[in-house]
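Beneath this line is the structure, given in structure tokens, with notes to follow.
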Amino acid sequence: TKEAKGKGFEGLTFRMQVDPLDCQGCGACANVCPAKEKALVMELLDTQMPEQENWEHALTLSTKTNPMDKFTVRGSQFERPLYEFSGACAGCGEAPYMKLMSQLFGDRMFVTSATGCAYVVGSSTPSFPYVANEKGHGPANSNSLFEDNAEYALGMKLSIDQMRRQMAAHAEAVVASTSDAALKSALEAWLAEGDNGDKTRALSEAVVAALDATAETSDDIAFLKANKDALPKKSVWMYGGDGWAYDIGFGGLDHVLASGADVNVLVVDTEVYSNTGGQASKATQLGAVAQFANGGKRTGKKDLGAIAMTYGNVYVAQVAMGANEQHLITALKEAEAHHGPSILIAYAPCINHGISKGMSQAQLEEKLASECGYWPLWRYVPELKAEGKNPFILTSKEPNGQLLDFMMGETRFASLTRTFPETAKVLFAEAEEFCAQRYAKYKHLAEQ
Ligand SMILES: Cc1ncc(C[n+]2csc(CCOP(=O)(O)OP(=O)(O)O)c2C)c(N)n1
């Protein structure tokens, strides 16, 4: 527990409270903690059980207003996660993305999860990580199939839009006829800016308060009262692995990207079909050993981001939490605010990679992947074109020459040097060339 520092934090204390019974023991939090004197240290469970009472107490404390901008690394962590204690493997690279997204948009989020880890760890019945806040708002999560996740989310989005159009029509009718000044001004404000993600919750709550204070004097008011939950703008996300997005669900995903609909996609890219034991996908990198690629994958990784970019109106970003947290938060903010399709491709280390440092260092592994050019970070922001600027922004610096060292730190590559040493030499040289050319392509785009 420490005194909270900074503007707006006067009189507040900050505490990291561990929940021993729900901790998965991966140690990732202790490893990423930036404090000089480690704030978190892993200890045996037996010795930590007294913390359980403190955790139960922490849950009874009131929710404070976040004094910071939630779209900053620090500020985001003062928002309550509405995704907690998932069924993911300890150290999973996928789950932290949804936890962060639930802090940024969770109270108005619709999430469709493709069959795969994204869905399975989010529905480990009887435990369910998606939770509601003190007002009862939280992510609504559902799954249809592995292959139709994009279409499934698009259907939700179309029905939400239809409902909101009806709400707007009834709201306009009330504005034109009501003598209730409070209701009129609340509805006018909602009609003007109710689609602004930052303002939609407060504007909607003001309409609900005005409706609650109004008698049901017309069909229009009755309709608005009956459908209050349609007032806040929903943040629609399709969430799934590379097996879904690059392979099996690609046709549907492409259809959704081409539709122009205001939807968001988060691909958690483990570069294999994780949930079914690590089969190769089109996201698997050249030289990697995976099921169906036991002698090392012979072709380079598909550039899903580059494909999405060709539409010109699609927001695209390639991100990695452990490599650059602010880059990820900026991309999430821009993607959600973009009026059109947005896709984020997020690097997600997995137990299938065989990280020699262990999964407790998965976030560090993301940093290493990015610095050596294995996973370059970039954003394609269509809005910049209207300002006469280059929409492509390359955040990753020139690769540091450590690509082979990075690859040798993971069994999926290193094992090939033992099983097929000659092939390994050839494929790894090709992988180096592939990554170098890909970086050169991004650099060229950024310099245009
Ligand atoms: C049409 C179809 N084929 C195969 C499966 C079996 N299956 C379920 S999840 C999965 C792999 C998912 O991989 P990915 O999309 O990369 O997600 P991850 O598990 O890596 O998060 C497969 C093959 C299925 N459910 N439906």
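Both backbone and side-chain heavy atoms feed into the values below; hydrogens, waters and symmetry mates do not. One-based numbering, in listed order, for ligands and for the atoms of each. These numbers come from a predicted model, not from an experiment.
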Q) Any heavy atom of Val272 sitting closer than 4.0 Å to ligand 1? A) yes
Q | Trp237 and its ring-ring contact (aromatic ring centres under 6.0 Å, His included) partner, picked from Tyr97, Phe105, Phe110, Tyr83 | A | Phe105
(Q) Can a side-chain donor-acceptor contact be found between Thr270 and Asp242 if the only test is distance below 3.5 angstrom? (A) yes
Q) Which of the atoms in ligand 1, numbered in the order shown and given with their element, are less than 4.0 Å from a heavy-atom of Glu147? A) 1 (C), 26 (N)
Q) Which ligand 1 atoms are under 4.0 Å away from a heavy-atom of Thr270? A) 20 (O)
Q: Please assess Glu79 against Lys70 for the test salt bridge (Lys or Arg N to Asp or Glu O under 4.0 Å), listing each intermediate value before the final yes or no.
A: CA-CA 7 Å; Glu79 295 290 331; Lys70 70 176 174 181; 5.2 Å; no
Q | Atoms in ligand 1 with a heavy atom of Glu94 nearer than 4.0 Å | A | 18 (P), 20 (O), 21 (O)
Q: Output yes when a side-chain donor or acceptor of Gln326 lies under 3.5 Å from a complementary backbone atom of Val73, and no otherwise.
A: yes
Q | Proximal ligand 1 atoms for Gly243, defined as those under 4.0 Å from one of its heavy atoms | A | 14 (P), 15 (O), 16 (O)
Q.
If the cut-off is 4.0 Å to any non-hydrogen atom of Gly116, which atoms of ligand 1 fall inside it?
A. 9 (S), 12 (C), 19 (O)
Q: Could you check Trp378, Tyr380, Tyr315 and say which one makes a ring-ring contact (aromatic ring centres under 6.0 Å, His included) with Phe392?
A: Trp378
**Q.** Protein contact to atom 22 (C) of ligand 1 [nearest heavy atom, distance to 0.1 Å]
**A.** Thr276 CG2, 3.5 Å
**Q.** Presence of salt bridge, Glu271 and Arg412, under 4.0 angstrom
**A.** yes
**Q.** Taking atom 17 (O) of ligand 1 as the reference point, the nearest protein heavy atom with its distance
**A.** Gly241 CA, 3.5 Å
Q: Considering only non-hydrogen protein atoms, determine which one is nearest to atom 15 (O) of ligand 1 and report residue, atom name and distance to 0.1 Å.
A: Trp244 N, 2.9 Å
**Q.** From CG (Asp195) to NE2 (His339), nearest 0.5 Å
**A.** 7.0 Å
Q) Out of Tyr119, Phe146, Tyr273, Tyr239, who gets a non-hydrogen atom closest to atom 24 (C) of ligand 1? A) Phe146
Q | Subset of ligand 1 atoms that lie under 4.0 Å from at least one heavy atom of Thr115 | A | 8 (C), 9 (S), 12 (C), 25 (N)
Q) Is Val268 in polar range of ligand 1, meaning some N or O pair under 3.5 Å apart? A) no
Q: Quickly, which of Glu432, Gln437, Arg438 forms a side chain to side chain contact (heavy atoms under 4.5 Å, CB included) with Phe434? Name it, please.
A: Arg438
